[in-house]
Amino acid sequence: MPISPELQARIDALQDPNLRASILKSLALSREPGISDEDIFDISVTGYEMAAEQQARLRRWQENEVIEFIEYFKAQAPDLYVKYIQHEKELRQKELNGADEVLFDMDLWWDIKRLAYKRMPDLEALDASELVSAACRYAKAHLI
């Protein structure tokens with residue numbers, strides 16, 4: 001079914017080309033009766049805006065804060081730190097060997113995230129995840 005000119009104009013007016021492409025792709029898929037093109041547009045735009053707002057609220061961790069967290073990690077849980085470094089080395093080796101699937105150990109992730117909460121009890125969940133991610137990126141770049 002063709003997109004109405006009004007809806008096409010609304011899609012064309014969106015700034016993000018990825019959002020436009022996603023909406024057009026969603027509109028091309030089959031769907032349940034009663035869901036209009038406008039509904040798909042509105043849901044897509046609302047989800048995009050919510051994700052953008054959430055991303056904007058994330059704390060931007062400075063390198064010195066990440067390093068301080070890694071030092072805290074080493075001091076508070078040395079065995080876990082060694083396990084983490086070993087895990088990162090294994091993941092890197094799998095990547096070098098061309099493994100199809102290289103997954104981070106989620107139990108290890110949560111153990112590290114708990115350390116972030118222990119150090120900063122008032123930390124928001126997404127900020128804690130971003131701190132752990134930043135620490136992992138730093139470790140990959142500088143420690144492994």
Side-chain angles (χ1 to χ4, degrees), residues 1 3 7-144:
M1 183 166 140
I3 299 170
L7 182 58
Q8 186 64 55
R10 290 175 68 193
I11 294 169
D12 293 341
L14 295 170
Q15 297 282 331
D16 186 334
N18 293 327
L19 176 58
R20 288 193 304 265
S22 174
I23 291 170
L24 291 171
K25 183 177 178 182
S26 295
L27 291 171
L29 298 173
S30 62
R31 60 189 104 124
E32 293 183 30
I35 299 177
S36 69
D37 289 352
E38 287 75 17
D39 290 338
I40 291 174
F41 176 86
D42 291 340
I43 290 167
S44 297
V45 170
T46 300
Y48 175 87
E49 290 171 347
M50 289 172 61
E53 288 172 11
Q54 186 179 47
Q55 189 66 29
R57 284 193 304 268
L58 279 178
R59 181 171 171 175
R60 304 293 182 244
W61 294 98
Q62 302 297 315
E63 186 172 311
N64 66 316
E65 294 173 308
V66 173
I67 293 169
E68 288 171 8
F69 175 68
I70 291 170
E71 292 301 320
Y72 175 82
F73 181 4
K74 280 197 265 187
Q76 292 297 311
D79 292 342
L80 181 63
Y81 181 78
V82 169
K83 182 178 175 183
Y84 161 70
I85 293 295
Q86 184 60 40
H87 182 63
E88 283 290 3
K89 287 178 181 178
E90 290 169 5
L91 291 178
R92 176 169 285 169
Q93 190 59 47
K94 287 179 182 179
E95 288 173 356
L96 292 173
N97 291 339
D100 291 335
E101 209 171 291
V102 180
L103 300 174
F104 197 90
D105 179 334
M106 291 311 295
D107 291 333
L108 184 56
W109 174 269
W110 282 105
D111 289 342
I112 298 168
K113 194 170 176 178
R114 275 192 283 281
L115 274 175
Y117 286 127
K118 184 178 176 185
R119 185 163 191 260
M120 295 171 262
D122 295 333
L123 203 55
E124 296 284 330
L126 290 173
D127 289 331
S129 292
E130 183 55 32
L131 175 58
V132 173
S133 293
C136 290
R137 286 190 302 273
Y138 184 87
K140 281 181 184 179
H142 301 288
L143 304 176
I144 298 174

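Source: prediction; values computed, not measured. Along the sequence shown, the residues carry numbers beginning at 1.
Inter-residue side-chain proximity for Ser22 and Tyr48 is flagged as unmet; no heavy-atom pair is nearer than 4.5 Å. When side chains are defined from C-beta on, Val102 does not count as touching Gln93, because their heavy atoms never get closer than 4.5 Å. Contact of the Leu80 side chain with the Leu108 side chain is registered, since non-hydrogen atoms from C-beta on lie closer than 4.5 Å. For the pair Arg10/Asp42, a side-chain contact is recorded, criterion being any heavy-atom separation below 4.5 Å from C-beta on.
Scanning all heavy atoms of the two residues, the minimum distance from Ile23 to Ser44 falls at CG1-CB, 3.5 Å. In this structure, Ile67 and Tyr138 approach most closely via the heavy-atom pair CD1-OH, 3.5 Å. For Gly34 against Asp39, the heavy-atom pair with the smallest separation is O-OD2, 3.7 Å. For the residue pair Lys113 and Val132, the shortest heavy atom distance occurs at CA-CG2, 3.7 Å. Nearest heavy atoms, Tyr72 versus Leu115: CE2-O, 3.6 Å.
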Applying side chain to side chain contact (heavy atoms under 4.5 Å, CB included), run through Leu58 and Arg60 and close with a yes or a no. CA-CA 6 Å; Leu58 279 178; Arg60 304 293 182 244; 3.4 Å; yes
Determine whether Leu126 and Gln55 satisfy the following criterion, side chain to side chain contact (heavy atoms under 4.5 Å, CB included), listing intermediate values before the conclusion. CA-CA 9 Å; Leu126 290 173; Gln55 189 66 29; over 6 Å; no
Working for side chain to side chain contact (heavy atoms under 4.5 Å, CB included), residues Leu7 and Leu27: CA-CA 11 Å; Leu7 182 58; Leu27 291 171; 4.2 Å; yes
Determine whether Leu14 and Phe41 satisfy the following criterion, side chain to side chain contact (heavy atoms under 4.5 Å, CB included), listing intermediate values before the conclusion. CA-CA 11 Å; Leu14 295 170; Phe41 176 86; 3.8 Å; yes
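Of the inter-residue distances, the one linking Tyr117 atom OH with Asp127 atom CG reads 9.0 Å to the nearest 0.5 angstrom. Atom CG of Asp111 and atom CG of Asp105 lie 8.0 Å apart (nearest 0.5 Å). Here CD1 of Ile35 is found 11.0 Å from OG of Ser26. Values are rounded to the nearest 0.5 Å. In this structure, CD in Gln86 is found 10.0 Å from CG in Leu91, a value given to the nearest 0.5 Å. To the nearest 0.5 Å, atom CG of residue Leu24 and atom CG of residue Leu29 are 11.0 Å apart. The CD1 atom of Ile112 sits 11.5 Å away from atom OG of Ser129, with the distance rounded to the nearest 0.5 Å.
Between the side chain of Arg92 and the backbone N or O of Ile144, at least one donor-acceptor pair lies under 3.5 Å. Between the side chain of Asp16 and the backbone N or O of Asn18, at least one donor-acceptor pair lies under 3.5 Å. Not a single donor-acceptor pair under 3.5 Å links the side chain of Arg59 to the backbone N or O of Leu131.
Using the six-membered ring where Trp is involved, Tyr84 and Phe73 have ring planes that are tilted, between 30° and 60° apart.
Taking 4.0 Å as the cut-off between side-chain N and carboxylate O, Glu68 and Arg119 count as a salt-bridged pair. Taking a cutoff of 4.0 Å between a charged side-chain nitrogen and a carboxylate oxygen, Glu130 and Arg137 qualify as a salt bridge. Asp107 and Lys83 are not joined by a salt bridge, as no carboxylate oxygen comes within less than 4.0 angstrom of a charged side-chain nitrogen.
Atom CE of Met50 is surrounded by 12 or fewer heavy atoms from other residues, nucleotides or ligands within 6.0 Å. Heavy-atom contacts from other residues, nucleotides or ligands closer than 6.0 Å to CD of Glu90 number more than 12. The 12-atom threshold is not exceeded at NZ of Lys89, counting heavy atoms of other residues, nucleotides or ligands nearer than 6.0 Å.
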